[in-house]
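Chain identifiers are assigned alphabetically (A, B, ...) following the order of the sequence lines, protein sequences preceding nucleic acid strands; residue numbering begins at 1 within each chain.
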Protein chains: 2
Amino acid sequence: MKRVCIIGCGSIGSLYAAHLARVTETWAYVRRPEHARALNEYGISVTGTHEFHTKLRATTDPREMPEFDLAIVASKATQTAEALGPVAHLFKKGAILSSQNGLGSEEVIAALADTYVIRGTTFMSGTRHTDTHVQYELDTATWMGPFEPTKTPFALVKEAAELIASSGLKAVALEDARPAQWSKLIFNSSVNSVAALTELPHSFHFAEEKDFDDLGHLLHALMEEGKSVAARLGVKLYEDPWEMNKVGAQTDHPPSMLYDIRHKLKTEIDFLGGAIAREAARAGIPAPLHTALYRLIKGKEESWTYESKSRPAAK
Amino acid sequence: MKRVCIIGCGSIGSLYAAHLARVTETWAYVRRPEHARALNEYGISVTGTHEFHTKLRATTDPREMPEFDLAIVASKATQTAEALGPVAHLFKKGAILSSQNGLGSEEVIAALADTYVIRGTTFMSGTRHTDTHVQYELDTATWMGPFEPTKTPFALVKEAAELIASSGLKAVALEDARPAQWSKLIFNSSVNSVAALTELPHSFHFAEEKDFDDLGHLLHALMEEGKSVAARLGVKLYEDPWEMNKVGAQTDHPPSMLYDIRHKLKTEIDFLGGAIAREAARAGIPAPLHTALYRLIKGKEESWTYESKSRPAAK
């Protein structure tokens with residue numbers, strides 16, 4: 001794999017782009033012209049867990065772009081079609097890896113691009129300070145495996161994982177990536193939904209189980225429900241989401257959906273709790289808690305634009 | 001019953017005070033001196049469904065107050081002890097009616113005052129425009145019955161109901177007021193919790209059940225859950241909360257808890273969804289949805305004061 005394209009350069013996309021640019025020809029396909037200009041002129045600075053500066057190519061114009069051996073889609077799950085659509089034809093001889101949150105992005109990618117798709121889940125975390133500066137935080141792996149419907153050869157997955165590993169990031173090729181994806185999905189959907197509705201960051205409350213009204217009981221119940229959906233769908237989990245939650249609850253990290261809610265941006269709920277709720281409904285498996293929180297967050301999004309005919313709030 | 005005291009003059013308290021002042025000696029016991037002053041100087045104007053002006057006595061000082069035949073506690077359920085405590089000794093020869101939201105206020109009143117307690121539920125609604133002007137909206141009944149632990153004679157309940165009815169408001173004395181209280185409780189807790197978490201008023205979304213993500217499914221499930229808790233506690237319902245919801249969802253009325261959330265005021269969740277969750281837990285009855293929403297709203301209240309150690313929201 002000689003030429004790589006990163007689609008979407010938020011914090012995760014910027015981390016992939018910067019690291020890969022050190023070992024192979026790397027392009028960034030971005031939405032804003034000033035973002036592309038800054039990347040072309042300055043490159044990317046990584047600080048934190050890794051510290052370096054690197055140059056790369058960036059553009060907003062598909063006509064300037066060659067064909068690629070690998071794409072990594074790192075946009076928000078809600079923006080996959082918009083981000084990948086205009087360049088989807090450039091990966092026919094290669095493969096496309098989704099590193100996005102939740103469930104369902106691979107299906108969107110496979111519908112847009114006639115190529116091999118790789119199911120990916122990343123636990124890396126970072127903070128994007130500017131268009132050209134990203135801070136690397138958790139140095140954890142990208143788990144990847146064949147997306148079943150495109151019959152992606154495992155050798156291709158291994159090649160992509162080796163390329164990512166050679167760039168200094170962690171990557172693991174798995175024959176079946178669904179256990180990894182579902183482990184993170186259950187963790188992520190539970191924590192993000194509760195953060196979105198309470199507007200608490202991933203604080204100690206999420207693991208507190210002393211009193212009847214403690215939030216930890218709800219997180220625990222959401223994760224048990226997610227695990228039972230996974231089990232009944234035949235997906236064995238990779239890690240226990242509740243253990244992941246206990247660690248995360250010590251960080252006060254603001255989950256991405258909390259950021260979205262605070263800024264009234266469409267959330268990824270359809271790919272997180274909504275994906276669990278829908279998969280469960282399709283298979284006739286009960287998932288009342290994920291379903292309830294999914295509908296509340298859809299209602300919350302609706303409230304931003306709903307023109308109420310009512311007077312100001314009163315009794 | 002010759003002398004009545006209204007404790008707390010929000011919209012509901014103001015409606016009771018103004019109507020009762022037309023037919024009997026009526027006092028308002030309020031918290032703010034300027035509120036008492038305005039009521040003493042001007043009285044109360046009622047507009048809307050009823051239109052009149054009336055004078056009454058108001059004070060913030062228990063030492064100025066005589067003994068009463070009837071008190072109506074109309075404060076928020078969260079403020080019962082604070083509102084009633086200083087005057088609780090003035091009702092020993094009479095009775096105290098709670099017209100508050102939810103479940104649990106009668107217990108608080110009975111613990112504070114050595115007298116008969118009347119279990120009340122009101123469906124009246126109004127908007128309080130100023131300290132001395134309240135707009136009367138829904139002209140619906142106060143349902144009232146004996147609070148069982150104080151062995152309140154039914155004759156006393158009837159006397160209180162007749163007094164309220166003679167003032168122009170609707171009132172119904174019931175041998176058992178729990179069916180009425182639980183009907184409103186289930187309706188109120190479901191609608192308030194969903195409004196608090198989505199920040200939608202009681203809009204059409206609350207009855208919408210076409211698509212998988214529609215909020216009406218959640219309201220329906222909350223009400224079914226509440227009904228099953230009531231049934232297993234042996235309480236037969238007075239009205240179907242789902243039918244009440246379908247009517248309410250056409251009003252865009254902002255439920256009181258939505259007002260609280262918008263103004264970061266402690267909500268009545270402990271007396272609404274929290275009361276259903278705790279009663280169910282005590283009796284070993286499952287109530288996962290009310291319990292989940294209860295914990296989310298407690299988490300939301302917590303977020304207003306939680307000093308996060310985290311940086312601004314990022315990925």
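- Summarising the local packing, CZ of Arg31(B) is surrounded by 12 or fewer heavy atoms from other residues, nucleotides or ligands at distances under 6.0 Å.
- Residues forming a side-chain hydrogen bond (donor to acceptor under 3.5 Å, both in side chains) with Gln79(A) (at least two apart in sequence, or on another chain): none.
- Contacts from residues 279-288 of chain B to chain A, taken as heavy-atom pairs separated by less than 4.5 Å, involve Ala281(B), Pro288(B) in sequence order.
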- Message: Could you walk me through whether His205(A) and Tyr306(B) satisfy the side-chain contact (heavy atoms from CB on, under 4.5 Å) test, starting with their C-alpha distance in whole Å, then the side-chain angles of each, then the deciding distance to 0.1 Å, before giving a yes or no?
- Response: CA-CA 10 Å; His205(A) 309 88; Tyr306(B) 179 60; 3.5 Å; yes
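- Among the candidates Gly299(A), Ala292(A), Gly10(A), the residue making the largest number of heavy-atom pairs closer than 4.5 Å to chain B is Gly299(A).
- Under the ring pair (Phe, Tyr, Trp, His ring centres under 6.0 Å) criterion, no residue pair touches residues 267-300 of chain A, with sequence neighbours excluded.
- Rounding to the nearest 0.5 Å places OG of Ser303(A) at 9.0 Å from CG of Leu258(B).
- Interatomic distance, CZ of Arg295(B) versus CD of Glu208(A), reported as 12.5 Å (0.5 Å rounding).
- Once rounded to the nearest 0.5 Å, the distance linking CG of Leu200(A) with CD of Glu301(B) reads 11.0 Å.
- One distance of note links CG of Leu197(A) with CD1 of Ile297(B); it measures 9.5 Å at 0.5 Å rounding.
- Within residues 209-224 of chain A, the residues approaching chain B closer than 4.5 Å by heavy atoms are, in numerical order, Phe212(A), Asp213(A), Asp214(A), Leu215(A), His217(A), Leu218(A).
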